[in-house]
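Proteins come first, then strands; the chains are lettered A, B, ... in the order of their sequence lines, and each starts at number 1. Since the model is a prediction, treat every value here as computed from it, not as a measurement.
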Amino acid sequence: MLDLKQIRENPEKVQELLDRRNSDQYQIEQIINLSQQQRELETTRTELQTRSNEIGKLIGQKIKSGSDPAGDEIKTLKAEGNELKTKLGKLEPEEKDLKAQISAAILELPNLPAQTTPIGKSEAENVEVRRWGDEYLPENNDSILPHWEIGEKLGIIEFGRSVKIAQSRFVSLIGAGAALERALINFMLDRQIAAGYTEVMPPALINTASLTGTGQLPKFAEESFQCQDDDLWLIPTAEVPVTNLYREEVLEASQLPIYHCAYTPCFRREAGSYGKDTRGLIRLHQFNKVELVKIVHPDTSEQEHQSLVKNAEAILQALKLPYRVLELCTGDLGFSAAKCYDLEVWLPSSGKYREISSCSNCTDFQARRASIRFKEAGKKGTKFAHTLNGSGLAVGRTMSAILENYQQPDGTVRIPEVLQPYLGRKIL
RNA sequence: GGAGAGGUGGCAGAGUGGUCGAAUGCGCUCGACUUGAAAUCGAGUGUACUGCAAAGUACCGUGGGUUCGAAUCCCACCCUCUCCGCCA
């Protein structure tokens with residue numbers, strides 16, 4: 001959520017930053033107008049309320065000091081009180097309605113891109129920051145089977161039957177496939193815990209307030225699975241439950257930074273991506289992910305962002321999977337992010353780098369929505385924290401990358417060295 | 001799912017219609033005393049919004065209602081705890 005005060009005080013600047021997202025759907029003019037009306041109303045209403053409070057106190061005092069409760073003096077005061085009540089009864093709903101309109105409108109606005117975020121229209125203008133692991137690129141790209149084919153051949157990924165029991169875009173992992181997924185999860189968690197993150201195993205179902213807190217709602221309701229009879233949704237990422245752990249809390253500055261890692265399944269409706277990535281593990285309604293979440297002091301969020309990206313990269317490096325780091329341009333930036341780096345892993349079968357991690361600095365955007373604040377010792381008042389999150393990593397996509405990059409001409413797949421202890425084997 | 005109890009400030013806990021943003025205790029901050037500390041004493045100690053400010057307004061689980069006036073009365077909902085049922 002953007003700061004209404006900032007919108008009012010620097011409208012041109014805010015609008016200009018919103019426009020960088022290459023969309024004309026984010027307009028602040030209406031919000032400024034509504035806010036102006038609301039504040040005028042509030043001033044009037046408060047004046048009436050003040051008088052009304054005075055009358056209430058006065059009546060109490062008079063009665064206590066012996067005035068006749070049914071006498072003229074009290075009657076006159078009550079009459080004025082009633083008059084005020086009638087007026088307030090009109091103003092209050094009006095103001096409430098304005099406030100509701102403002103907050104509904106402001107919840108639809110995305111975060112402002114950081115000044116340093118490269119300006120661009122679409123993903124085509126994302127900026128490659130660095131590339132790693134060229135020496136690990138497979139030489140025989142053309143002879144490498146796509147991961148779904150090798151997976152099926154090895155009998156470790158079950159596509160057809162999974163569609164029967166659920167729907168398309170669901171898979172089951174069988175035997176060594178399931179074990180490999182589990183090994184990857186444990187490996188990733190162990191690494192991130194060693195890097196200083198505290199593991200969390202959060203609920204996989206969360207309420208509307210939580211999804212609103214991190215920015216998935218109200219705008220992207222069609223992206224999440226919703227339960228019919230309860231105010232519960234399936235989590236699209238662990239970012240939502242883990243960040244919301246601290247919703248509506250005032251933390252001590254000394255508690256910051258907070259680092260969490262979490263393995264959870266993630267559920268996404270993938271509405272509007274019908275034709276894309278219909279085969280394999282790339283785009284599923286349910287997938288596993290190890291997520292990194294940081295809650296930090298605003299002054300440190302930039303460096304915390306850089307180190308979070310490094311923590312995600314470390315997994316790919318340990319697995320010796322070639323990847324590149326992109327800085328997303330303003331046109332491709334996620335709703336809650338001010339700045340975002342994507343890690344893309346090399347997928348030989350498609351001859352492309354594919355996203356395997358997305359690391360965002362959400363600055364105070366989520367903290368405002370979720371009211372995650374902190375207090376500095378000795379200082380008055382509270383400040384909004386900064387929240388960051390990143391995948392460390394998407395597990396299914398990592399498995400895809402291993403099945404392809406580690407594929408051998410004889411149709412077997414080597415297991416990355418660091419995973420061997422977890423899996424108890426060297427080859428699939 | 002059934003029966004009962006309860007949700008008040010950082011915590012504990014009082015408050016059943018009027019000056020209650022809320023007693024008291026603990027905690028915390030500052031000061032005094034002390035060589036230092038403890039103890040003791042004194043002062044202070046919620047958040048948000050509007051406003052240049054003075055100040056005002058709102059908040060006692062949430063939302064409605066009654067009233068000149070609600071933490072206090074009424075209604076609905078949510079949550080927590082105990083017991084029973086079911087259950088990984």
Side-chain angles (χ1 to χ4, degrees), chain A residues 1-9 31-107 201 203-213 227-233 241 244-256 265 364 367-385:
Chain A
M1 181 162 68
L2 300 183
D3 183 5
L4 185 55
K5 215 177 218 167
Q6 187 192 11
I7 293 177
R8 273 202 320 257
E9 288 169 5
I31 291 176
I32 293 174
N33 289 337
L34 289 170
S35 172
Q36 180 61 28
Q37 288 176 46
Q38 183 270 325
R39 282 188 305 156
E40 282 166 13
L41 244 175
E42 180 173 338
T43 307
T44 317
R45 199 210 78 232
T46 302
E47 281 166 9
L48 296 179
Q49 191 60 252
T50 305
R51 179 58 188 156
S52 170
N53 289 348
E54 279 170 11
I55 290 171
K57 283 184 183 173
L58 208 56
I59 291 176
Q61 280 171 8
K62 298 261 184 203
I63 292 177
K64 255 198 176 158
S65 59
S67 295
D68 175 10
D72 282 349
E73 191 183 20
I74 302 294
K75 267 190 184 163
T76 312
L77 284 171
K78 281 196 182 182
E80 191 186 348
N82 269 324
E83 206 176 300
L84 287 167
K85 191 156 76 160
T86 311
K87 286 184 187 163
L88 283 168
K90 270 190 187 170
L91 295 184
E92 271 170 4
E94 266 180 58
E95 194 193 345
K96 216 171 189 178
D97 180 55
L98 279 172
K99 278 188 165 168
Q101 284 186 51
I102 292 166
S103 88
I106 213 166
L107 283 174
M201 202 170 275
L205 275 76
I206 38 90
N207 56 33
T208 299
S210 296
L211 277 160
T212 306
C227 296
Q228 206 162 45
D229 295 327
D230 299 283
D231 176 30
L232 289 170
W233 306 67
N244 277 282
L245 240 28
Y246 301 95
R247 175 153 50 83
E248 284 148 51
E249 293 201 11
V250 180
L251 304 162
E252 293 293 331
S254 59
Q255 289 175 266
L256 303 179
D364 64 355
R368 282 180 188 282
R369 291 180 157 242
S371 188
I372 302 171
R373 293 170 294 167
F374 69 94
K375 199 179 171 64
E376 280 170 306
K379 288 191 189 169
K380 243 189 127 52
T382 59
K383 283 184 186 166
F384 289 105

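Between B/G63, B/U67, B/G21, one nucleotide has an atom nearer to the side chain of A/K85 than all others, and that is B/U67. Closest contact between the side chain of A/T382 and the listed nucleotides B/A48, B/C68, B/G51 involves B/A48.
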Which donor-acceptor pairs under 3.5 Å do the side chains of residues 94-101 of chain A make with protein atoms, sequence neighbours left out?
from  : atom 1 : to     : atom 2 : distance (Å)
A/E95 : OE1    : A/R45  : NH1    : 2.4
A/E95 : OE2    : A/Q38  : NE2    : 3.0
A/E95 : OE2    : A/R45  : NH1    : 3.3
A/D97 : OD2    : A/Q101 : NE2    : 3.0

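Summarising the geometry, the separation between CD1 on A/I102 and C1' on B/C49 is reported as 12 Å, rounded to the nearest angstrom. Protein atom CD of A/E83 is 13 Å distant from nucleotide atom P of B/G69, rounded to whole Å. Rounding to whole angstrom units, CG of residue A/L88 and P of B/A70 are separated by 12 Å. The distance between atom CG of A/D231 and atom C1' of B/C78, rounded to the nearest whole Å, is 11 Å. Atom CD1 of A/I59 is separated from atom C1' of B/A70 by 14 Å (rounded to the nearest Å). Between the P atom of B/A48 and the NZ atom of A/K383 lies a distance of 13 Å, rounded to the nearest Å. Atom CD1 of A/I55 and atom P of B/C68 are 11 Å apart (whole Å). Rounded to a whole Å, the CG atom of A/N82 is 11 Å from the P atom of B/U66.
Contacts of A/S52 with the nucleic acid, taken as non-hydrogen atoms under 4.0 Å apart, are absent. Looking at heavy-atom distances under 4.0 Å, A/R368 makes no contact with the nucleic acid at all. Residue contacts shown for A/I63 include a base, since a base heavy atom lies under 4.0 Å away. Within the 4.0 angstrom heavy-atom criterion, only backbone atoms of the sugar-phosphate kind lie near A/K375; the bases stay farther away. In this structure, A/L77 reaches neither bases nor backbone, as no heavy-atom distance under 4.0 Å exists between it and the strands shown.
Across B/C60 and B/C11, the matching P atoms stand 16 Å from one another, rounded to whole Å. B/G4 and B/G42 have their C1' atoms separated by 48 Å, with the value rounded to a whole Å. Annotation: B/G46 and B/C33 have their C1' atoms spaced 31 Å apart (nearest Å). Comparing B/U62 with B/A70, their P atoms sit 16 Å apart, to the nearest whole Å. One P atom belongs to B/G18, the other to B/A43, and the distance between them is 28 Å to the nearest Å. For the C1' atoms, the distance linking B/G21 with B/A48 amounts to 13 Å, nearest Å. B/G7 sits 25 Å from B/U45 when the C1' atoms are compared, rounded to a whole Å. B/U72 and B/A37 have their C1' atoms separated by 46 Å, given to the nearest Å.
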Run the side chain to side chain donor-acceptor pair (under 3.5 Å) test on A/S210 and A/N207 for me, step by step, so that the C-alpha distance in whole Å, both residues' side-chain angles and the decisive distance to 0.1 Å come before the verdict.
CA-CA 6 Å; A/S210 296; A/N207 56 33; 3.0 Å; yes
After noting the C-alpha distance and the side-chain angles of A/L58 and A/Q61, does the key distance pass the side chain to side chain contact (heavy atoms under 4.5 Å, CB included) rule?
CA-CA 5 Å; A/L58 208 56; A/Q61 280 171 8; 4.0 Å; yes
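Ranked by how close their nearest RNA chain B nucleotide is to the 5' end, A/Q61 and A/R8 are led by A/Q61. Sequence order on RNA chain B of the closest nucleotides to A/V250 and A/G81 puts A/V250 first from the 5' end.
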Secondary-structure string, 5' to 3', Watson-Crick or G-U under 3.5 Å, | for another-strand partners, for RNA chain B
((((((((.[[[..)..(.....]]]((((((.......))))))(((((....))))).[[[[[..)....]]]]])))))))....
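Residues A/T382 and A/F384 are not in side-chain contact: their nearest non-hydrogen atoms beyond the backbone lie 4.5 Å or more apart. At a threshold of 4.5 Å between non-hydrogen side-chain atoms, the residues A/D3 and A/D364 do not count as touching. For the pair A/I206/A/N244, no side-chain contact is recorded, criterion being any heavy-atom separation below 4.5 Å from C-beta on.
For the atom pair A/L41 CG and A/L34 CG, the distance stands at 11.5 Å (nearest 0.5 Å). A distance of 10.0 Å separates CZ of A/R373 from CG of A/L251, quoted to the nearest 0.5 Å.
Although no hydrogens or angles enter the test, the distance criterion places no donor-acceptor pair under 3.5 Å between the side chain of A/S52 and the main chain of A/L48. In this structure, A/R369 contributes its side chain and A/L107 its backbone to a donor-acceptor pair below 3.5 Å.
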Could you list the protein-to-nucleotides 54-58 of chain B atom pairs, N/O on both sides, closer than 3.5 Å?
from  : atom 1 : to    : atom 2 : distance (Å)
B/G56 : O3'    : A/T50 : OG1    : 3.2
B/G56 : O2'    : A/T50 : OG1    : 3.1
B/U57 : OP1    : A/N53 : ND2    : 3.1
B/U57 : O2'    : A/R45 : NH2    : 3.1

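The existence of a salt bridge linking A/R51 and A/E54 is confirmed by a sub-4.0 Å separation between a basic side-chain nitrogen and an acidic carboxylate oxygen.
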